[in-house]
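Worksheet for the structure shown next.
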2 protein chains.
Amino acid sequence: MTSLRDVAERAQVAVSTVSAALNGTRPVKAETKRRIERAAAELGYRPNLLARGLVSKRTRILALLFPPPGSGFGLTEMQFATGAAEAAAELGYHLLLSPESADPVEELRYLTGMGLVDGVLLMEVRLADERTDFLLESGTPFAMIGRTREPGSLDYADIDFARTARDAVAHLAGLGHRAIALLNHSTGAYSPGYGPAVRAGEEFAAAAREAGLWYAGDVRADTAGEGRLAFERLMAEHPEVTAVAAMSDQAAVGVLQAVEERGWRVPGDLSLLLASASARVAEMFRPRLTTLEPPGAELGRLGARMLIDRLESPGSPPAQRLVPCRLVIGDSSAPPRGSGAAR
Amino acid sequence: MTSLRDVAERAQVAVSTVSAALNGTRPVKAETKRRIERAAAELGYRPNLLARGLVSKRTRILALLFPPPGSGFGLTEMQFATGAAEAAAELGYHLLLSPESADPVEELRYLTGMGLVDGVLLMEVRLADERTDFLLESGTPFAMIGRTREPGSLDYADIDFARTARDAVAHLAGLGHRAIALLNHSTGAYSPGYGPAVRAGEEFAAAAREAGLWYAGDVRADTAGEGRLAFERLMAEHPEVTAVAAMSDQAAVGVLQAVEERGWRVPGDLSLLLASASARVAEMFRPRLTTLEPPGAELGRLGARMLIDRLESPGSPPAQRLVPCRLVIGDSSAPPRGSGAAR
DNA sequence: GACGCGGATCGAAACGTTTCGCAAAACGTA
DNA sequence: TACGTTTTGCGAAACGTTTCGATCCGCGTC
């Protein structure tokens, strides 16, 4: 491993001069600089990040905490990670992928105490999240993908649920639907206060109200089995519902089962929207589902970028970005049954 | 940030003694040790990884290179990452998620040159892979998820394609199929020599031969459109084929389209297997597809573990593990058309 | 009572950087 | 020529560890 000293020797200057020349920390005579750069290139010199980090207290490493598997870790969550890693790499940073153990706060204490990471990127943020409390208290810079209930002046990138819900509702209302339902995540599978579930619920309700649509909100399912039952119950209690938006792809599978069982067809008898699933997933369904595709990679990129901004200019105003899901129209949404148009 | 020196002061001993006591590097009198440990706990001391790494030349950080998005990065690939991160964490290591740029070797040179990572975990390995050449030459420890054509004494964890193909073929043969086809990845989308494509092709052919089945191997598709066309062509040329295994979920979508267009049903008229897709994905299809679920998380875990073994006992014999995909039987495989059994 | 020995602890050096006060050289001006 | 100013480069210290030879102490032995 070639060090700054080797370069200094070869270029016939002092170590500190090499450092200055290579980093542009202070002016170095053009000719000397050239000589140093040549020596560095010839020796294939690469600065040692550890030594640099030790003195500068900056490692240019970001940690991304990811929740234990099973808690709905899908394609979208992976896009957070790859998007963040890419944005970080573009800006000269690295991303550490840290699995979250049973005690996330202890995990964070450990992670930040080592001096290894400059900042933390949080995902799967809950409305009240102990992790943010710890990070605030410990003074560790961080940004969130998702957000707490009162993000105050914290940095975050999240889905624009308000906009997304209104787009979806407008799509359905435009087709002629008058009564819709949101098949939300079940409270059991996710810790209570799981942001997306709560916000989707609130915003779909608001959007439906604004559009003058009847709305059933408290229908919940996360598995195919649950989805089937939930849909049956919904139809029993509210037969007027002609369109359903499902938050979970698994639950959508159950709805399709139930639809088939009663001899119905999608979209003739029921319009089915998939909320929070990539178009790639929606394509696998028959018929191709209309979907609200979450901007996973973009949120990851934004999160990483705002964290880096925070690190490099700590005083700047908080960055808070909301990005709507993209409505990708498939073959599962059509005018409601009995409207005469499609059958 | 509390340092070794603070602990030493509080415990009234020398810095080096604290280091020895905390790491067990050399014997320290029980009472002294207790005193030191108490002081460390009271101060909330955490060793600084950078300083430690600087002298020990070991950071306990592993890098996982992941390919640029678009090259078929799905749920399985993500499981490599999370599995590896978890296994690493269990053993006290960290995982750096590194996006691979256009020049992977330069990327590696950079990554390993900084002294930041102890070893590298490679995925999406090709049969002839320049990255392994570089890593071997530079003496960087590494392990592969996947493998080159001649892995020699390299460490790897890969899918057991031979076993997987035989399981799949046995399943189909047992149902009565006599002629099958593998809908492989198209050569265009993947760099030539993409291991899984080549090995799946070879092993399915071998398994079919052994089972006495007629086999069509050179059918390729990676998108729905390609899948539809490929299937149509297959049926035109080889109408005797009654079962298809698709390597790509997208291609399977195309096959289902084509099946529907000709008024057929799955599995009555065609048995369709999904190779290399998680059961969760297979469930979204109607009917639920029979699938060969790759052991993504396990391969990730194995890869991380063998890399760590290599780091901690460099002389140990190479670890090479093959794990078969799990055959998850869905509703898409049944006796062949015309067999009288199912219709 | 001197000597040697082993266990326990200490102190200093080293890892590869950055940072900073200072000295040397170069230049312009009186 | 002498002096002040700017430019350029140097050397030492510091970051928080690990490592290793040196030192100190108590004890048994002859």
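Here is the naming used below: chain letters follow the sequence lines, and residue numbers restart at 1 for every chain.
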Distance in angstrom units between [X] [atom1] and [N] [atom2], rounded:
X	N	atom1	atom2	result
B:E9	D:dG16	CD	P	13 Å
A:K33	D:dT7	NZ	P	16 Å
B:K57	C:dA14	NZ	P	13 Å
A:L54	D:dA13	CG	P	17 Å
B:L50	C:dA14	CG	P	22 Å
A:R58	C:dT19	CZ	C1'	16 Å
A:E31	D:dG9	CD	C1'	13 Å

Pairs under 3.5 Å (N/O, protein and nucleotides 6-8 of chain C):
none

* To do: Please identify each residue that fulfils side chain to side chain donor-acceptor pair (under 3.5 Å) with A:D155, with sequence neighbours left out.
  =>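 Scan of A:D155 (side chain to side chain donor-acceptor pair (under 3.5 Å), adjacent residues dropped) gives A:R310.
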
Tell me, please, which residues at least two apart from [X] pass side-chain contact (heavy atoms from CB on, under 4.5 Å).
X	value
A:A128	none
B:A51	A:L54, B:N48
A:T140	A:T112, A:V120, A:L135, A:S138
B:S3	B:R5, B:D6

* To do: Look at atom CZ of A:R321 and say whether more than 12 heavy atoms of other residues, nucleotides or ligands are closer to it than 6.0 Å.
  =>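 No, CZ of A:R321 has 12 or fewer neighbouring heavy atoms, counting only those of other groups under 6.0 Å.
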
* How large an angle, rounded to 10°, do the end axes of the helix from C:dG1-D:dC30 to C:dA30-D:dT1 enclose when each is built from five base pairs? ->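 Between the axes fitted at each end of the helix from C:dG1-D:dC30 to C:dA30-D:dT1 lies an angle of 70°.
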
* To do: For nucleotides 17-27 of chain D, just jot down a letter per nucleotide in 5' to 3' order: B, S or -, based on protein non-hydrogen atoms under 4.0 Å.
  => BBBBB------

Table please: side-chain donor-acceptor pairs of residues 298-308 of chain A below 3.5 Å, with sequence neighbours left out.
| from | atom 1 | to | atom 2 | distance (Å) |
| --- | --- | --- | --- | --- |
| A:R301 | NH1 | A:E86 | OE1 | 3.3 |
| A:R301 | NH2 | A:E90 | OE1 | 3.0 |
| A:R301 | NH2 | A:E90 | OE2 | 2.8 |

* Any pair counted as side-chain hydrogen bond (donor to acceptor under 3.5 Å, both in side chains), so long as it reaches residues 25-37 of chain B, sequence neighbours left out ->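 For residues 25-37 of chain B: none.
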
* salt bridge (charged side-chain N to carboxylate O under 4.0 Å, His left out) partners of A:R149, counting only residues at least two apart ->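 Counting only residues at least two positions away or on another chain, A:R149 forms no salt bridge (charged side-chain N to carboxylate O under 4.0 Å, His left out).
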
Report, one line per pair, each donor and acceptor closer than 3.5 Å where one atom sits in a side chain of residues 98-110 of chain B; sequence neighbours left out.
| from | atom 1 | to | atom 2 | distance (Å) |
| --- | --- | --- | --- | --- |
| B:E100 | OE2 | B:R131 | NH1 | 2.6 |
| B:S101 | OG | B:D103 | N | 3.4 |
| B:S101 | OG | B:E107 | OE1 | 2.6 |
| B:D103 | OD1 | B:V105 | N | 3.3 |
| B:D103 | OD1 | B:E106 | N | 3.2 |
| B:E106 | OE1 | B:R109 | NE | 3.2 |

* Asked: Any side-chain donor-acceptor pair under 3.5 Å between B:T148 and B:D129?
  ->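 B:T148 vs B:D129: no donor-acceptor pair found between side chains.
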
